[in-house]
Amino acid sequence: MKIPVGILGAGMVGQQYMALLKNHPWFEVRYIAASPRSAGKKFSEAVAGRCHFGGIAEVFGNIIVADANDVSKAAAASKAGDCAFVFCGLEMPNDELKILEASYAAAGIPVISNASAHRWTADVPVVVAEVNHSHLDIIPAQRKAHGWDKGFITVKPNCSIQSYTTPVYALMQAGYEVKRLIVTTLQAVSGAGYPGVPSLDIIDNIVPYIGGEEEKSETEPLKILGSIENGVFKKADQPKISAHCNRVPVTDGHTACVSIEFGAQKPSIAEIKKIWTEFRSLPQELELPMAPVRPIIVRDETDRPQPRKDRDADKGMAVTVGRIRPCNVFDIRFTGLSHNTIRGAAGGGVLNAELLKHKGYLG
């Protein structure tokens with residue numbers, strides 16, 4: 001029997017969740033909540049003219065959309081067996097969303113969030129499944145600290161860091177000290193939501209500023225690579241990261257050009273390729289539906305990865321790397337690519353939910 005789940009948000013991320021979950025073997029969407037302007041409408045009516053994924057209006061079209069701000073509606077759905085937990089893809093001010101997500105958790109409804117509101121809350125894990133799935137073990141301490149019975153909050157990191165955090169972690173796991181990174185991201189327009197960046201601003205153009213992205217790109221990996229101490233997270237001291245974040249005229253797929261400085265021990269290019277090709281973190285016997293078979297795919301062509309050719313690799317959940325070569329300033333440089341609305345958003349959230357189920361925190 002599938003676990004009934006809810007989706008908070010009917011925009012780009014919320015719809016991507018629905019697209020990924022419509023045939024999921026473990027989870028079934030039975031509750032949808034969004035903004036007050038959508039509340040009370042059938043889902044098909046609420047997204048008329050702005051449905052971005054084929055098939056979801058047909059599958060979920062008759063579900064009546066609730067007001068996401070009314071936690072009591074979700075609590076009633078939970079009591080009725082229609083909403084065991086929620087995926088949050090809401091777009092609203094962080095101070096408001098922080099309170100709202102905590103209200104869901106207090107009502108006994110676990111929150112798996114795509115938003116940034118709780119990424120720096122001291123006891124909320126920011127999870128990239130292959131890197132720090134052990135951070136989910138903070139949930140009992142989180143519940144105890146807040147007096148929550150069944151509820152909790154976990155979040156997924158910013159989509160801009162997905163294309164390089166896992167490759168960097170794989171090198172660290174192999175025993176190499178990573179001291180500094182310089183990262184230039186080339187971020188797809190779907191990352192801005194819908195309607196997003198005006199066409200006259202992005203066609204034949206690059207916008208060298210995305211509000212808050214550079215700060216997130218420089219700090220969130222340090223929490224992901226950090227540790228749990230006394231029921232809260234302590235961020236890692238390194239690597240030091242300098243990020244340049246740019247919006248580019250690509251539909252889907254965030255690219256990162258990365259230079260790495262190692263400590264005293266420096267791996268060869270051949271060793272780096274071997275580490276990335278062989279990298280596995282999640283036990284294969286778990287058979288998590290959204291987990292990529294190969295978390296990191298190494299391309300040897302001189303002109304790969306490319307968004308159009310590589311973003312959908314392994315269900316859109318793999319990180320594709322290429323152009324691995326010496327760096328004239330640091331030690332090595334490479335190009336990484338990940339699908340920002342799948343690996344970097346809804347797909348990463350679904351994979352985290354699968355891990356939570358495996359650990360016994362859901363259902």
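Starting from 1, each residue takes its place in the sequence as its number. Heavy-atom basis, side chains included; hydrogens, waters and symmetry copies ignored.
L100 is listed as a side-chain neighbour of L90, based on a closest heavy-atom distance under 4.5 Å. Residues L21 and V5 meet the side-chain proximity criterion, which asks for heavy atoms closer than 4.5 Å. The side-chain heavy atoms of D95 and K98, taken from C-beta on, include no pair separated by under 4.5 Å. Contact check for R323 versus T302: no side-chain heavy atoms found under the 4.5 Å cut-off. Using a 4.5 Å heavy-atom cutoff, the side chains of W276 and F334 are in contact. Using a 4.5 Å heavy-atom threshold, the side chains of L225 and N132 count as separate. You'll find the side chain of L337 stays beyond 4.5 Å of the side chain of H254, heavy atoms only. Using a 4.5 Å heavy-atom cutoff, the side chains of E101 and S113 are in contact.
Under a cut-off of 6.0 angstrom, the local environment of CD in Q265 is sparse, with at most 12 non-hydrogen atoms contributed by other residues, nucleotides or ligands. Counting heavy atoms of neighbouring residues, nucleotides and ligands inside a 6.0 Å radius, atom CG of D237 does not exceed 12 of them.
Here the straight-line distance linking atom CD1 of I296 with atom OG of S338 works out to 11.5 Å at 0.5 Å rounding. The NZ atom of K223 sits 9.0 Å away from atom CD of E220, with the distance rounded to the nearest 0.5 Å. Atom CD1 in I342 sits 7.5 Å away from atom CG in D252 (nearest 0.5 Å). With rounding to the nearest 0.5 angstrom, the CZ atom of R143 is 7.5 Å from the CG atom of D149. The CD atom of E214 sits 11.5 Å away from atom CG of N158, with the distance rounded to the nearest 0.5 Å. Note that the OG atom of S217 and the CD atom of Q187 stand 6.0 Å from one another [nearest 0.5 Å].
With sequence neighbours excluded, the residues that form a side chain to side chain contact (heavy atoms under 4.5 Å, CB included) with K309 are R304, Q306. Residues satisfying the salt bridge (Lys or Arg N to Asp or Glu O under 4.0 Å) test with K144, not counting sequence neighbours, are none. Among residues two or more places apart in sequence or in another chain, the side-chain hydrogen bond (donor to acceptor under 3.5 Å, both in side chains) test is passed with N114 by none. The ring-ring contact (aromatic ring centres under 6.0 Å, His included) test applied to H135 returns F233, not counting sequence neighbours. Among residues two or more places apart in sequence or in another chain, the ring-ring contact (aromatic ring centres under 6.0 Å, His included) test is passed with H52 by Y194. E96 meets the side chain to side chain contact (heavy atoms under 4.5 Å, CB included) test with M92, P93; sequence neighbours excluded.
Nearest approach of P239 to V178, heavy atoms of both residues: CB-O, 3.5 Å. When all heavy atoms of G108 and K150 are compared, the closest pair comes out as O-CB, 3.7 Å. Between Y104 and V111, the shortest heavy-atom contact is CB-CG2, 3.5 Å. Considering every non-hydrogen atom in both I153 and A105, the closest pair reads CG1-CB, 4.0 Å. Scanning all heavy atoms of the two residues, the minimum distance from Y17 to G349 falls at OH-CA, 3.6 Å. L136 approaches P125 most closely through the heavy-atom pair CD2-CG, 4.3 Å.
Cluster annotation: V183 and M172 are assigned to the same hydrophobic cluster (Ile/Leu/Val/Met/Phe/Trp/Tyr, side-chain heavy-atom contacts under 4.5 Å, transitive). A chain of hydrophobic side-chain contacts below 4.5 Å, direct or via other Ile, Leu, Val, Met, Phe, Trp or Tyr residues, connects I32 to F53.
Legend: ring pair (Phe, Tyr, Trp, His ring centres under 6.0 Å) pairs involving residues 145-167, not counting sequence neighbours, sorted by first then second residue: H146-W148. Among residues at least two apart or in separate chains, there is no ring pair (Phe, Tyr, Trp, His ring centres under 6.0 Å) pair with a member in residues 196-223. The salt bridge (charged side-chain N to carboxylate O under 4.0 Å, His left out) pairs that include a residue from residues 265-282 are K266-D331, K273-D300, K274-E278, where partners are two or more places apart or lie in different chains.
Remark: the backbone N or O of V293 is paired with a side-chain donor or acceptor of D314 at under 3.5 angstrom. The main-chain N or O of A46 is found under 3.5 Å from a side-chain atom of R50 such that the two form a donor-acceptor pair. Checked by atom type and distance alone, the side chain of K73 never pairs as donor or acceptor with a backbone atom of A68 at under 3.5 Å. Between the side chain of D123 and the backbone N or O of G231 there is no donor-acceptor pair closer than 3.5 Å.
Cluster partners of W120: none. The rule joins Ile, Leu, Val, Met, Phe, Trp and Tyr whenever side-chain heavy atoms lie under 4.5 Å apart, and it links nothing here. If you chain together ILVMFWY residues whose side-chain heavy atoms come under 4.5 Å of each other, I202 ends up grouped with V189, V197, I203, V207. The hydrophobic cluster containing V248, built from Ile/Leu/Val/Met/Phe/Trp/Tyr side-chain heavy atoms closer than 4.5 Å, also comprises L186, I206, V250.
Partner of F43 under the side chain to side chain contact (heavy atoms under 4.5 Å, CB included) criterion, out of V29, N62, I7, I56: I56 alone.
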Open item on the list: Before you tell me yes or no, could you show the steps for H24 and E354 under side chain to side chain donor-acceptor pair (under 3.5 Å), namely the whole-Å CA-CA distance, both residues' side-chain angles and the distance that decides it to 0.1 Å?
Closed with: CA-CA 11 Å; H24 195 279; E354 293 168 357; 2.6 Å; yes
TODO: Please report the C-alpha distance between F85 and Y31 in whole Å, then the side-chain angles of each, then the deciding distance to 0.1 Å, and finally whether the ring pair (Phe, Tyr, Trp, His ring centres under 6.0 Å) criterion is met.
DONE: CA-CA 10 Å; F85 66 93; Y31 180 80; over 10 Å; no
Open item on the list: Go through it in stages, so that I can follow the logic: the residues are S190 and N340, the test is side chain to side chain donor-acceptor pair (under 3.5 Å), and I'd like the CA-CA distance, side-chain angles, deciding distance and then a yes or no.
Closed with: CA-CA 8 Å; S190 57; N340 56 296; 2.9 Å; yes
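R180 has a carboxylate O that lies under 4.0 Å from a charged side-chain N of E261, or vice versa, which qualifies the two as a salt bridge. A salt bridge links R343 to E130: one of the charged nitrogens lies within less than 4.0 Å of a carboxylate oxygen. Taking the charged nitrogens against the carboxylate oxygens, D137 and K359 do have a contact shorter than 4.0 Å, which makes a salt bridge.
Judged by distance alone, the side chains of Q16 and H339 never bring a donor and an acceptor atom under 3.5 Å apart. Judged purely by distance below 3.5 Å, without hydrogens or angles, the side chains of N246 and T185 never pair a donor atom with an acceptor atom.
Annotation: cation-pi geometry not satisfied between K2 and W26 (NZ/CZ under 6.0 angstrom from ring centroid, within 45° of ring axis).
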